[in-house]
Structures are given as C-alpha cells and as structure tokens.
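These notes concern the structure reproduced below.
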Amino acid sequence: MTFTQKLQRSVSSANSLLCVGLDPDPARIPSILRQQYRDEPTLVLEFCRRIIETTKTLACAYKPNSAFFEALGSDGWKVYKDVIDQIPSNRIVIADAKRGDIGNTALKYKTAFFDQLHVDALTLNPLMGMDTIEPYMDDDSKALFVLTMTSNKGSADFLQRRFEGRMSLGEYIAEELSKKQEQSQAHLGMVIGATQIEAVKPVLNSHPDAHLLIPGIGTQGGSSEQLKTVLQTHKGIPVISSSRSIIYAGNNDEDWLESVYLKALEMKDSLQEITERYV
C-alpha cells in the first residue's frame, strides 16, 4: 500500500483530518497520573497510551515529537517505540524529528525511523540542501514532510524572505520538492503553518499535489476558517495537527480524559467542512 493510499483510507475511516500531536511533558501530565506513576518513562508511556485510546476514533494521524522522548534519557527511545506501537495500524504515524543531513547520516536516520520504528512519515529540515532528501526517496509506502513555511514567528527570519526572485524561500523549497517528486517513490509533502496564511498561498501553488502537515491550530492561534479558504483548490491531503491544546485540555482534573476527548472532537468538527473535500 502506498503512503497516499493509507492516508486516504485513514482519513475516510476516521472521517477526519485531525492529527494529534504527542508532546508529553512530565511536568504537565495530570497530577492524578503523576501520583500513580512516579517513574517518568512509565508515566509518559501511560499518558500517551491513554491519549491514543481516547482519541483514536477522532484522528487520522498521530505525531509523536521525538524531543519529548529523547529528554527522558536512555529510556526515551524505548518509550518512543512503545508509544508508536500503541497507535492503531490503520492510522498514520508521523515522526516529528525534523532531521536534515546528507549521505550516510541521512541513511542512518532512515534506518532508525523507517526500518526500526516503522513510522509512515518523517519531518525533515531541508536547509542543508535538497540532497538531504534523496536518501529517503525509494519507498512509496513512506512520506516526508519537509519544513516549508513553519508556524513559528521565526519563519520570518528565513522561510518568508524573498529568494531567487520568488516571494519567499518557502516558495522556492516547494518548487524544488515538486520537481523532486517526479523522481521520488516516497511522497514529498510539506509542513506549512496555519499561522502564516498569507505566506502559504504561493507555497501551495508551487507544489499543489503535496500532502500537508499543518501545525498551528489551537494553542498557536491558527484559524480553521482561514484554512478553509487557502486549501480550497489544493489537491494534496492536509493533515491538521494539534498537540498541547488537546493533550493538556484536562489540566489536573480527575476526569481529564473526558476533556481531552471533547477537545479533540471539537477540533475534528471545526475541520469538517475541509474534511468533506477529501473523504
């Protein structure tokens, strides 16, 4: 099954474009769980397991952020793998690691994430050059989501600056990805931020078939209403990610998982008009 086929099936099965980001910070995990699990690796695993179980009918994808697992030290990689193993096989798993290197180093990242962890997709940083993408391009069951116009304010430092006569460096990256897609079996998607709507339009025009990973909805302030407009003619499938606003919705309440479910449902429903174009 190709990545695109799996993504289409996942979106249709969940009737959703929602991606739940897994950014487990032990200090923010509900106190009722912290009192029960004193060991941080076990705490993080149990927290993520419950988030996944609670939201699995509402989300088409999950995006575990490797930084939060690496911060656990030597146990982190095992917990990361165990969390990924908890995600249903009919859902997309996007490893949010933002790797970006050349040659043999990139091949080792590929081995780690695609061959060892068996994720469906990986986020990549292309600023060392477009050749950093080439080692990943030989497997049509995988996808790369390349940072193109990110949701943070710092995207103005580089990605939003004019480059080679284009409106932005992000637009140039999108053009280069579109060209590389012709030689790539893996799908070359893009990360675009929901907080940078005006800057995103020329980026989408430059790679109209790209599947999209879209952070920035929720805590970062991105608007689903604005997304509806900017995605109106885009052919690739958007996967719209929310992390903190969902996984920490329950604060320290005893029934925190109910709040997580309701927030994920609210987010899913807010995207329904967009979802209907892709199911």
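Because the structure is predicted, anything quoted here is derived from the model rather than measured.
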In this structure, are over 12 heavy atoms from other groups packed under 6.0 Å from Phe68 atom CZ?
-> yes

Sequence neighbours left out, cut at 3.5 Å: what donor-acceptor pairs do the side chains of residues 199-207 make with other protein atoms?
{"unit_1": "Asn205", "atom_1": "ND2", "unit_2": "Lys201", "atom_2": "O", "d": "3.4"}
{"unit_1": "Ser206", "atom_1": "OG", "unit_2": "Pro202", "atom_2": "O", "d": "3.0"}
{"unit_1": "His207", "atom_1": "NE2", "unit_2": "Leu188", "atom_2": "O", "d": "2.9"}

More than 12 heavy atoms of other groups within 6.0 Å of Gln5 CD | yes

Is there a donor-acceptor pair closer than 3.5 Å between any side-chain N or O of His211 and the backbone N or O of Gly236?
-> no

Do Ser242 and Ser245 have a side chain donor and acceptor closer than 3.5 Å?
-> yes

Could you note down all residue pairs passing salt bridge (charged side-chain N to carboxylate O under 4.0 Å, His left out) where residues 146-172 supplies at least one of them, sequence neighbours left out?
-> Arg166-Glu175

For the atom pair CD1 (Ile52) and CG (Leu22), what is the distance rounded to the nearest 0.5 Å?
-> 5.0 Å

Does the side chain of Gln8 come within less than 4.5 Å of Ile237's, by heavy atoms?
-> yes

From CD1 (Ile240) to CD1 (Ile274), nearest 0.5 Å = 4.5 Å

Does Asp25 use its side chain to pair, donor to acceptor, with the backbone of Ala27 at less than 3.5 Å?
-> yes

Following the transitive rule for hydrophobic clusters with a side-chain heavy-atom cut-off under 4.5 Å over Ile, Leu, Val, Met, Phe, Trp and Tyr, establish whether Val279 and Ile214 coincide in one cluster.
-> yes

Hphob cluster co-occupancy, Leu265 + Tyr62, side-chain heavy atoms under 4.5 angstrom = no

Nearest heavy-atom neighbours spanning Gly170 and Met149 = CA-CE, 4.1 Å

Taking C-beta and beyond as the side chain, do Val239 and Ile92 meet within less than 4.5 Å on heavy atoms?
-> no

Does a side-chain heavy-atom distance below 4.5 Å link Pro64 with Val93?
-> yes

Compare all side-chain heavy atoms of Val260 with those of Ile51 and state whether any distance is below 4.5 angstrom.
-> yes

Considering all heavy atoms of both residues, which atom of Leu257 and which atom of Thr54 are nearest to each other, and what is their separation?
-> CD2-OG1, 3.3 Å

Between Leu124 and Leu122, does a side-chain contact (heavy atoms from CB on, under 4.5 Å) hold up when you go through it step by step?
-> CA-CA 6 Å; Leu124 289 184; Leu122 175 66; 3.8 Å; yes

Quick one: are Tyr261 and Leu58 in side-chain contact, heavy atoms under 4.5 Å?
-> yes

Indicate yes or no for a side-chain donor-acceptor contact from Thr111 to the backbone of Leu107 under 3.5 Å, with no hydrogens or angles considered.
-> yes

Within 6.0 Å of CD in Glu254, more than 12 heavy atoms from elsewhere | no

Going through the checks in order, is the side-chain contact (heavy atoms from CB on, under 4.5 Å) test met by Arg28 and Arg244?
-> CA-CA 10 Å; Arg28 296 191 64 182; Arg244 289 168 290 170; 3.8 Å; yes

Check the pair Lys56, Ile87 against side-chain contact (heavy atoms from CB on, under 4.5 Å), reporting the backbone distance first and the verdict last.
-> CA-CA 8 Å; Lys56 66 184 181 183; Ile87 297 171; over 6 Å; no

If you look at every heavy atom in Leu17 and Tyr278, which pair is closest and at what distance?
-> CD1-CD1, 4.1 Å

Using the rule that two of Ile, Leu, Val, Met, Phe, Trp, Tyr join whenever any of their side-chain heavy atoms come within less than 4.5 Å, decide whether Leu262 and Met267 are in one cluster.
-> no

Please answer: with hydrophobic residues joined when any side-chain heavy atoms are less than 4.5 Å apart, are Ile102 and Leu144 in the same cluster?
-> no

Closest approach of Arg34 to Ile29 (non-hydrogen atoms, all atoms of both residues) = NE-O, 2.6 Å

Can you tell me how far CD of Glu46 sits from CZ of Arg50, rounded to the nearest 0.5 angstrom?
-> 4.0 Å

Over all atoms of both residues, closest heavy-atom pair of Ala106 and Asp101 = CB-O, 3.3 Å

Derivation of the side-chain contact (heavy atoms from CB on, under 4.5 Å) call for Ile94 and Phe145 = CA-CA 9 Å; Ile94 303 168; Phe145 286 104; 3.9 Å; yes

Counting only N and O atoms by type, is there a donor-acceptor contact under 3.5 Å from the side chain of Asp139 to the main-chain atoms of Ser141?
-> yes

Could you walk me through whether Ser184 and Tyr136 pass the side-chain hydrogen bond (donor to acceptor under 3.5 Å, both in side chains) check?
-> CA-CA 9 Å; Ser184 178; Tyr136 304 90; over 6 Å; no

Among all residues two or more places apart in sequence or in another chain, which pass the ring-ring contact (aromatic ring centres under 6.0 Å, His included) test with Tyr248?
-> Phe47

Where the side chain of Ser151 meets the backbone of Thr195, is there a donor-acceptor pair that is under 3.5 Å apart?
-> no

Non-hydrogen side-chain atoms of Phe69 and Cys48 separated by less than 4.5 Å = yes

Give the C-alpha distance, both sets of side-chain angles, the deciding distance and a yes or no for salt bridge (Lys or Arg N to Asp or Glu O under 4.0 Å) between Asp96 and Lys98.
-> CA-CA 6 Å; Asp96 189 4; Lys98 301 179 182 68; 2.7 Å; yes

When clusters are formed by joining ILVMFWY residues with side-chain heavy atoms under 4.5 Å apart, either directly or through shared neighbours, do Met128 and Met137 land in the same one?
-> no

Starting at CZ of Phe158, measure out to OG of Ser168 and round the result to the nearest 0.5 Å.
-> 14.0 Å

Taking atom CZ of Arg9 as the centre, does the number of heavy atoms from other residues, nucleotides or ligands within less than 6.0 Å exceed 12?
-> no

With a 4.5 Å limit on heavy-atom distance, are the side chains of Leu177 and Thr148 in contact?
-> yes

Separation of His187 NE2 from Leu7 CG (nearest 0.5 Å) | 8.5 Å

Specify whether Tyr172 and Phe163 have parallel, tilted or perpendicular ring planes, treating 30° as the upper limit for parallel and 60° as the lower limit for perpendicular.
-> perpendicular

Name of the residue among Arg91, Lys6, Lys142 meeting side-chain hydrogen bond (donor to acceptor under 3.5 Å, both in side chains) with Asp120 | Lys6

Please determine which of Gln181, Glu182, Glu176 meets the side-chain hydrogen bond (donor to acceptor under 3.5 Å, both in side chains) test together with Lys179.
-> Glu176

Basic-acidic side-chain contact under 4.0 Å: Asp115, Lys108 = no

Shortest non-hydrogen separation from Ser241 to Gly21 and the atoms involved = OG-N, 4.2 Å

Could you point out which residue of Leu43, Leu45, Asp39 forms a side chain to side chain contact (heavy atoms under 4.5 Å, CB included) with Pro41?
-> Asp39

Aromatic rings Trp77 and Phe113: how do their planes relate, parallel, tilted or perpendicular, breaks at 30° and 60°?
-> perpendicular

Does the side chain of Trp256 come within less than 4.5 Å of Asn252's, by heavy atoms?
-> no

Give a yes or no on whether Glu258 atom CD has more than 12 heavy-atom contacts from other residues, nucleotides or ligands under 6.0 Å away.
-> no

Looking at CD of Glu40 and CG of Asp75, how far apart are the two atoms once the value is rounded to the nearest 0.5 Å?
-> 10.5 Å

